[in-house]
Amino acid sequence: MTVPVGLPPASAASPVSPASLASPVSAPVGLRAREVSAPVARCSTGRTADGSDHGSGRARPTPAGTLVGTVVGTVVGTRVGTVVGVFAHSVSIRCQDPHGVPLIVSLSDVPVDSVAQARIPADRLADLRLEGIGTPVALETAGAAVVASRITAHGTPAVFSPPASWFDTADGRRFGVPRLERAAEAIWGDQDAEALEGLCGLGIGLTPSGDDALIGLIATARTAGLGTRVIGRFTEILTSPRAAGLTTETSLCHLRLAVGGDFSATVLDLLDALIADTAPTGRADLAEHTGLSADHGALSAGQPRIAAAVARLAHTGHSSGADLMAGVAALTRRLAHQQRSSEPSESGRDQQ
């Protein structure tokens, strides 16, 4: 489903920009970023002030337990891109990473919480929204704070009940759930990369529901230290010539970042919250802290922290956050099932 970053549908005009296509000979619009996510920093030339070589693509990993939004340094350099999407609160530009792979970057005036985002002044964002699709942009990142986006294995997330998503619709139950469960099993068994590929492009929207769920699966797997081989094989698929036909360009960009270990602050926040505490909380807490119906079920752990993380992610895009959480929930359920299966029964403990 749609997220605040990416290309507008090919059949539709930009929803908010009245400008016509920019001239191919236009001079780049100069912008200065105040804050960038780590993947954007790695696209910029030069080194961060803390010595990390973001320009060569070697990110400083996020230490286990690092708080979401932690600033890990500052970066120097300029990244040139082209406007490919104009939205109500952001503008998307297409850049290239150090290896020439396209990267869709969201420019906004709010603190960085997306996986590929740069924060710029509100007045410059308003000006850029009037320029139109195709406008060249020179994004100056000298002195910008770099926000961590990297997940490292540091625990097994608790089971929780996600909000309703595309997977709860008739089509989602028929076509999506079986593929989602197969993909979760593939990560658990660390084989069958085709099961992950089977979710690509499934569903509707600029970032299809299956892709969002995949990102949730991969984020959970990396947090729990699972699926190294199958994710590696899936990475090969995403970088192969056939990748372009799997899904939208924006989704493909997000998936490539995910297999590399980069995720949005909202995803990191949810997983940290699920790991922090495993004490159950009731349905009333979910309704109180998220505004969602208590029918969504009980959350595991963390109480206000988990509820707030679910609510924040649920408001990402039209339903991208909910679809992503369906992926997180699918793998946490699989892990919990395995844990229960491996525990000795009461009679077995009595006999020991």
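Computed from heavy atoms alone, side chains included, the values below leave out hydrogens, waters and symmetry copies.
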Under 3.5 Å donor-acceptor pairs involving side-chain atoms of residues 190-199, not counting sequence neighbours:
residue : atom : partner : partner atom : Å
Asp190  : OD1  : Thr228  : N            : 3.4
Asp190  : OD1  : Arg229  : N            : 2.9
Asp190  : OD1  : Val230  : N            : 2.8
Asp190  : OD2  : Arg229  : N            : 3.4
Asp192  : OD1  : Arg182  : NH2          : 3.0
Asp192  : OD1  : Ala195  : N            : 3.4
Asp192  : OD2  : Arg182  : NE           : 3.0
Asp192  : OD2  : Arg182  : NH2          : 3.1
Glu197  : OE1  : Arg242  : NH2          : 2.9
Glu197  : OE2  : Arg242  : NE           : 3.2
Glu197  : OE2  : Arg242  : NH2          : 3.4

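Residues satisfying the salt bridge (Lys or Arg N to Asp or Glu O under 4.0 Å) criterion with Asp109, sequence neighbours excluded, are absent altogether. Remark: Asp168 pairs with Ala164, Ser165 by the side chain to side chain contact (heavy atoms under 4.5 Å, CB included) rule, at least two apart or across chains. Annotation: side chain to side chain contact (heavy atoms under 4.5 Å, CB included) contacts of Ala33 (sequence neighbours excluded): Val36, Ala118, Leu139, Thr141, Ala144. Legend: residues meeting side chain to side chain contact (heavy atoms under 4.5 Å, CB included) with Thr239, ordered by chain and number and at least two apart, are absent. Considering only residues two or more places apart in sequence or on other chains, Thr332 meets the side-chain hydrogen bond (donor to acceptor under 3.5 Å, both in side chains) condition with none of them. Partners of Arg256 according to the salt bridge (Lys or Arg N to Asp or Glu O under 4.0 Å) rule, which considers only residues two or more places apart in sequence or in another chain, do not exist here. Listed by chain and residue number, nothing satisfies the salt bridge (Lys or Arg N to Asp or Glu O under 4.0 Å) test with Glu181 (two or more places apart in sequence, or in another chain). Residues forming a side-chain hydrogen bond (donor to acceptor under 3.5 Å, both in side chains) with Thr220 (at least two apart in sequence, or on another chain): none. Applying the side chain to side chain contact (heavy atoms under 4.5 Å, CB included) criterion to Pro178, with sequence neighbours excluded, gives no partner residue. Residues forming a side-chain hydrogen bond (donor to acceptor under 3.5 Å, both in side chains) with Arg119 (at least two apart in sequence, or on another chain): none. Considering only residues two or more places apart in sequence or on other chains, Asp127 meets the side-chain hydrogen bond (donor to acceptor under 3.5 Å, both in side chains) condition with Arg124.
Between Leu268 and Ala148, the shortest heavy-atom distance links the atoms CD1-O, 4.0 Å. Contact between Gly201 and Asp211 at its shortest, heavy atoms only, is N-OD1, 2.9 Å. The two residues Cys200 and Leu255 come nearest to each other via the heavy atoms SG-CD1, 4.2 Å. Closest approach of Ala326 to Phe167, counting heavy atoms only: CB-CD1, 3.8 Å. The two residues Leu252 and Ala243 have their closest heavy-atom pair at CD2-O, 3.9 Å. Of all non-hydrogen atoms in Gly327 and Leu180, the two that sit nearest each other are CA-CD1, 4.1 Å.
A donor-acceptor contact shorter than 3.5 Å links the side chain of Glu35 to the backbone of Val112. Between the side chain of Ser251 and the main chain of Thr248, no donor-acceptor pair closer than 3.5 Å is present. A donor-acceptor pair under 3.5 Å links the side-chain atoms of Arg222 to the main chain of Val259, judged by distance alone. Side-chain atoms of Thr235 come within 3.5 Å of backbone N or O of Ile231 as a donor-acceptor pair.
Side-chain atoms of Ser320 and Asp212, non-hydrogen and from C-beta on, do get closer than 4.5 Å to each other. The shortest distance between side-chain heavy atoms of Asp272 and His154 falls below 4.5 Å. With contacts defined as side-chain heavy-atom distances shorter than 4.5 Å, the pair Thr82/Val137 does not qualify. Between Gln96 and Cys43 there is no side-chain heavy-atom pair separated by less than 4.5 Å. Proximity of Leu202 to Trp166: side-chain heavy atoms (C-beta onward) are separated by under 4.5 Å at one or more points. At least one side-chain heavy atom of Asp262 sits under 4.5 Å from a side-chain heavy atom of Arg42. Side-chain contact between Phe87 and Ser92 is present, with at least one heavy-atom pair separated by less than 4.5 Å. Contact of the Val328 side chain with the Leu217 side chain is not registered, since no non-hydrogen atoms from C-beta on lie closer than 4.5 Å.
Leu125 and Ile133 fall within the same hydrophobic cluster, defined by Ile, Leu, Val, Met, Phe, Trp and Tyr side-chain heavy atoms under 4.5 Å apart, directly or through other members. Grouping the Ile, Leu, Val, Met, Phe, Trp and Tyr side chains by contacts below 4.5 angstrom, directly or via other members, places Val40 with Val29. When the side chains of ILVMFWY residues are joined at heavy-atom separations under 4.5 Å, either directly or via intervening members, Phe234 and Val101 end up in two distinct hydrophobic clusters. Using a 4.5 Å cut-off between side-chain heavy atoms of Ile, Leu, Val, Met, Phe, Trp and Tyr, with links allowed through other members, Val110 and Val105 fall into different hydrophobic clusters.
In this structure, Ile187 CD1 and Ile218 CD1 are separated by 6.0 Å, a value rounded to the nearest 0.5 Å. Note: Thr247 OG1 to Leu206 CG = 9.0 Å, rounded to the nearest 0.5 Å. A distance of 8.0 Å separates CG in Leu271 from CZ in Phe263, rounded to the nearest 0.5 Å. To the nearest 0.5 angstrom, Leu313 atom CG is 10.0 Å from Asp113 atom CG. Separating the SG atom in Cys95 from the CG atom in Leu103 is a distance of 6.5 Å, to the nearest 0.5 Å. Taking CD1 of Ile120 as the reference point, atom CD of Glu140 lies at 13.5 Å (rounded to 0.5 Å).
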(request) Would you check, one step at a time, whether the test side-chain contact (heavy atoms from CB on, under 4.5 Å) holds for Leu130 with Leu128? (result) CA-CA 5 Å; Leu130 298 176; Leu128 184 61; over 6 Å; no

(message) What verdict does the side-chain contact (heavy atoms from CB on, under 4.5 Å) test give for Ile237 and Arg233, after you've listed the backbone C-alpha separation in whole Å, the side-chain angles of each residue and the deciding distance to 0.1 Å?
(response) CA-CA 7 Å; Ile237 294 173; Arg233 174 60 188 129; 3.9 Å; yes

(request) Might you work through the salt bridge (charged side-chain N to carboxylate O under 4.0 Å, His left out) test for Asp269 and Arg312, ending with a clear yes or no? (result) CA-CA 9 Å; Asp269 192 30; Arg312 186 180 177 204; 3.7 Å; yes

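Checked options Ser108, Ser264, Ser149; the residue passing with Gln117 is Ser108 (criterion: side-chain hydrogen bond (donor to acceptor under 3.5 Å, both in side chains)).
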